[in-house]
Amino acid sequence: MKEKIIKVSNKMGLHARPAAKLVQTSSKFQSNVKILKDDFEVDAKSIMGVMTLAAAFGSELKFVAEGPDEIEALNSIEELFNSDLVE
Amino acid sequence: MHLTKKNIILKGVAASPGIAIGKVFLLEDDEYFLIHKEIPKNERAGELKRLDEAIEKTRAELKTTYQKINSLLGENYAKIADVHLMILDDPVMKKDVVKMVEDGVNAEYAVFKVLDKIIRSFDAIEDDYFRERKQDIQDVTKKILENLLGKEKRTLSNIDNESIVVSHNLTPADTVAIREKFVKAFATDIGGKTSHTAIVAQSLEIPAVVGLRSISANALSGGVIIVDGNQGLVILNPTEETIANYKKELDIQAAKSKELAKLKDLPAETTDKHTVQLLANIDNPDEVKSVINNGASGIGLYRSEFMFFNRSTMPSEKDHYQSYMEVAKMMMPHSVIVRSIDLGGDKLTNLGFLNMKREQNPFMGLRAIRLCLKYPEIFIDQLRGILRASAEGKIKLMYPMISGLEELREANKILEKVKKSLHSENIKFDENIEVGAMIEVPSAAIIADVLSKELDFISIGTNDLIQYTLAVDRVNENVTHLYEPSHPAILRLIKRIIDAGHDSGIDVGMCGEMAGDPYYAILLLGMGLDEFSVSPAQIPKIKKVIRSISYEDAKEAADQILKCKDKESITKIMKKLKSKEMY
């Protein structure tokens, strides 16, 4: 099991479109990926789960991955947040 | 007993002009009566198959909607359908629904239960934007249920005779099913001037009244209805007399537009050959057709805000570039004035692009150029789009709501930076792109002389100028009677702006509602206004007024009016002008 804390740095927060991208990225991996924010825990492969996080600009999210490709999954997600999440 | 007809008049928002009389086609919001059924063990596999088929059918429908919207309204609108597809594929949702069915619950009840729980969890979210995303999930739930229940859908493609569409709201999926020749008007419960319904109605050039609150609950399918898109009224159950009056009005309008159509290719010039520019205001590229049909000599105001509505992400530089380039190319050889983003506190809270707090006075808050200067990354994307498009057509740039010189210089500084970076990337643009400002804040009007020296053109935005100068909130029904374009203070301010622009040798236009009102046209002409920018449908009317008088007479009338101290004496002179058969 591996984890990583990522801050939402795009101004609009994790709304529908970036949430969609995050789900697409997580779904590419075999590992289970969970997102923890405050008391919430959602599946990173579920669009509705990610949207209910209501992760606004500046929120801190903890990603927990477990499975054969857990490291790659977390790296890809981090890369996504650092790159074109804003689109 | 003799049943008498009685007009039921509903007031809404005038979203698209014109009058239509016809029969109601009620597009109802479907309601489901869901029963919880126990499915015996030996039938559960079949129930799961039924669920799968409904999901597959929904997927196929969503894909079709995506393609239809994409070809009709473009990719930005289509993205909504894209998110819907992801909701349908959500593994968590699927897992829970399947589990319920395997445990012996019927498929529709399982779908409803699982999604309803998720929708409820959205209600607890504080942020408006995130909370409203539940609408997307509701839409998808509805579609799956429809397919499970095999309910015959009542869509706009069922319309087979001339009708007026009444509904709670029109979704993008509804509008793709429209059969143009049968739909005469729209009337909806919700929506504003920039709603999806309004935009579609304007591009189809059919009347629409939105924001009627309860029309869908009160209208009966097949009943007679009158939609008055000019005044924002809808009349249900109209009396014979009302129908006759509106029919007369329709005849007059038809005769007038026939008469006016003859003016299309004639210039907007006075009897003594003084020419003004008659330009059009548009909200989106779909309106260009009507601009050209009405004979405008360019676009004086291209509002760019439509790009921000009905979507969940910021428009990209490419989105900006494409929509401006498209319009500029279609308008060649005429020019197009693109106004930079005029989003305001009130227009923004539902957009969710920015984490903006609700403001106490949104009209005096963070809006228009102020917003762009606070979030330069948004502004820069737009400027890059505008500049890139300027290489392929005649484009001018206009800043809204400039209130002082510092602000103008700050905006120009960003523009210069953007130009520099385009240079370094070897991207072509019009090096001499003209830059103007909307004069719509009293402070800007007072220092119009100062601003004009650093601008290529100015355009008077009367809607806000009147609102700010007279301190009247236009949408507050208690004070709308004080909203008076011909208030002596407003007229003097307008004259002052025009003179200031001319002293600096630049053209002065007007893109507010006042410019499109035939009643004020002679006055504005006489004050020396160079450009009238009005909604496409108003162009022929203003042209007719201008062609009916000499510039000398208009100047004299304006001089007299400017000397008036009160509304009464102004109205008197204006009426006299009108009696000379001006329009």
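Naming convention: chains lettered A, B, ... in sequence-line order (proteins, then strands); numbering from 1 in each chain. In this text the structure is predicted, and so the values were computed from the model without any measurement.
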Surrounding NZ of A/Lys4 (heavy atoms of other residues, nucleotides or ligands, distance under 6.0 Å), is the total greater than 12?
yes
Considering only heavy atoms, which portion of B/Ile137 lies under 4.5 Å from any heavy atom of chain A: side chain, backbone, both, or neither?
side chain
B/Lys113 atom NZ, over 12 foreign heavy atoms within 6.0 Å
no
Scored by heavy-atom pairs under 4.5 Å with chain A, the best of B/Ile87, B/Leu115, B/Ile118, B/Asp89 is B/Ile87
Using heavy atoms and a sub-4.5 Å threshold, report which of residues 42-51 of chain A line up against chain B, by residue number.
A/Asp43, A/Lys45, A/Ser46, A/Ile47, A/Met48, A/Gly49, A/Met51
Per-residue contact mode, B/Asp82 against chain A (heavy atom under 4.5 angstrom):
side chain
Measuring from B/Asp123:CG to A/Thr52:OG1, what's the distance to the nearest 0.5 Å?
12.0 Å
Counting only heavy atoms not in A/Gln30 (residues, nucleotides, ligands), do more than 12 fall under 6.0 Å from its CD?
no
